[in-house]
Amino acid sequence: MEIRHPSHPADALQYSTERLRQEFLVEGLFEAGEIHLVYTHHDRMLLGGAAPLAKSIVIENIPELRTNYFLERREVGIINIGREGAVHVDDETHNLGPRECLYVGLGRRRLAFSSTDPEHPARFYLVSAPAHRALPTRKATLAEAEPEHVGADAQSNRRIIYRFIHEGGIKSCQLMMGMTVLAPNNLWNTMPAHLHDRRSEVYLYFDLDEGARVFHLMGSPNATRHLVVANEQVVISPSWSIHAGVGTSHYTFIWAMAGENYTFQDMDPVSLNELR
């Protein structure tokens, strides 16, 4: 498991492009037949990618967590961005189709992933946060998620926000997770930008063509920076950073948050005239 340490916004101003990418961009999560995990000290979030083929793959005990098993003191949200597959939680099997979500609460001992057809494998994206109580394992499809239609073609930001794990959907301790789907020919997300000083957030960008990129905006509102992001790469967004982006074509992204407050609306808007 890779470990990322937090940074101060004043220090981040001095980062080179390469250092900025090392600190906040996660590449290579989805390697065929493997599980890759990244732990960030920003709100103790843990993110990962599981890409099973013919054999199921299991999250073994992670020594760096100093626990007896992965979910001893954690909860996790999982979204399948590939083809049909299944998540095995202790003795239960939960089939997960494309763009379906599964929440697994504290105390479940075994977590494994499999693909229905190795020739057309599943690809599971997972985000975990510390938890203080056990909550039921629950699945949600896109049809069961809470959709919000926002934006407009005139601003090139028409999109649907699907909320899976949140106060009005699948209950968790502190994790919130969902997916935003941009309409064809729309390019901008989360603009005007915002902050939420009480939570960190991670973005997984996917459904991008091989040659397409997203220019992800981050940093303090008065000192913005950017990351050039390819398909199936993740941006770690600290609580002091804005998070917005524009693509060279339309795309989809999964957002996940953890921190102090448990409400989707806990955010501080940043107007365009404040950005530098």
(request) Determine, step by step, whether Ser237 and Val202 satisfy the side-chain contact (heavy atoms from CB on, under 4.5 Å) criterion, reporting the C-alpha distance in whole Å, the side-chain angles of both residues, the deciding distance to 0.1 Å, and the verdict. (result) CA-CA 6 Å; Ser237 182; Val202 292; over 6 Å; no
(message) Among Val104, Ile165, Val89, exactly one meets side-chain contact (heavy atoms from CB on, under 4.5 Å) together with Ile78. Which residue is that?
(response)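 Testing each of Val104, Ile165, Val89 against Ile78, the sole residue satisfying side-chain contact (heavy atoms from CB on, under 4.5 Å) is Val104.
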Donor + acceptor pair across side chains of [X], [Y] (<3.5 Å):
X	Y	value
Asn273	Ser271	yes
Ser220	Trp240	no
Tyr69	Arg110	no
Ser239	His42	no
Asn157	Asn189	no
Glu92	His94	yes

What is the minimum heavy-atom distance between [X] and [Y], and which atoms define it?
X	Y	answer
Thr224	Arg276	OG1-O, 2.7 Å
Leu20	Ala12	CD1-O, 4.5 Å
Ala134	Leu106	CB-O, 3.6 Å
Pro121	Pro52	CB-O, 3.5 Å
Val127	Met177	CG2-CE, 4.0 Å
Ser200	Asp43	OG-OD2, 2.7 Å

Give the ring-plane orientation class for [X] versus [Y], where under 30° counts as parallel, over 60° as perpendicular and anything between as tilted.
X	Y	value
His226	Phe215	tilted
His41	Tyr39	perpendicular
Phe24	Tyr15	tilted
Tyr205	Tyr203	perpendicular

Could you tell me whether [X] atom [atom1] has more than 12 heavy atoms of other residues or ligands within 6.0 Å of it?
X	atom1	answer
Lys55	NZ	no
Asn222	CG	yes
Arg73	CZ	no

Any carboxylate oxygen within less than 4.0 angstrom of a Lys/Arg side-chain nitrogen, looking at [X] and [Y]?
X	Y	value
Arg21	Glu23	no
Glu232	Arg123	yes
Arg109	Asp91	no
Glu100	Lys139	yes

[X] side chain to [Y] backbone, donor-acceptor under 3.5 Å:
X	Y	result
Gln174	Ala258	no
Gln233	Gly28	no
Asp209	Gly211	no
Arg4	Leu25	yes
Thr67	Phe70	no
Arg83	Asn80	no
Tyr251	Leu187	yes

(message) Please determine whether side chain to side chain donor-acceptor pair (under 3.5 Å) holds for the pair Asn186 and Asp153, giving the CA-CA distance in whole Å, both sets of side-chain angles, and the decisive distance to 0.1 Å.
(response) CA-CA 7 Å; Asn186 284 261; Asp153 288 331; 3.1 Å; yes
(request) Verify side chain to side chain donor-acceptor pair (under 3.5 Å) between His88 and Ser114, making sure each step is shown before the conclusion. (result) CA-CA 8 Å; His88 310 274; Ser114 63; 2.8 Å; yes
(message) Show, in sequence, the C-alpha distance, side-chain angles and deciding distance for Trp255 and Thr180, and conclude whether the side-chain contact (heavy atoms from CB on, under 4.5 Å) test is met.
(response) CA-CA 8 Å; Trp255 46 267; Thr180 299; 3.2 Å; yes
(request) Can you sort out the partners of His8 under side chain to side chain contact (heavy atoms under 4.5 Å, CB included), two or more places apart, ordered by chain and number? (result)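 Listed in chain order: Ala10, Asp11.
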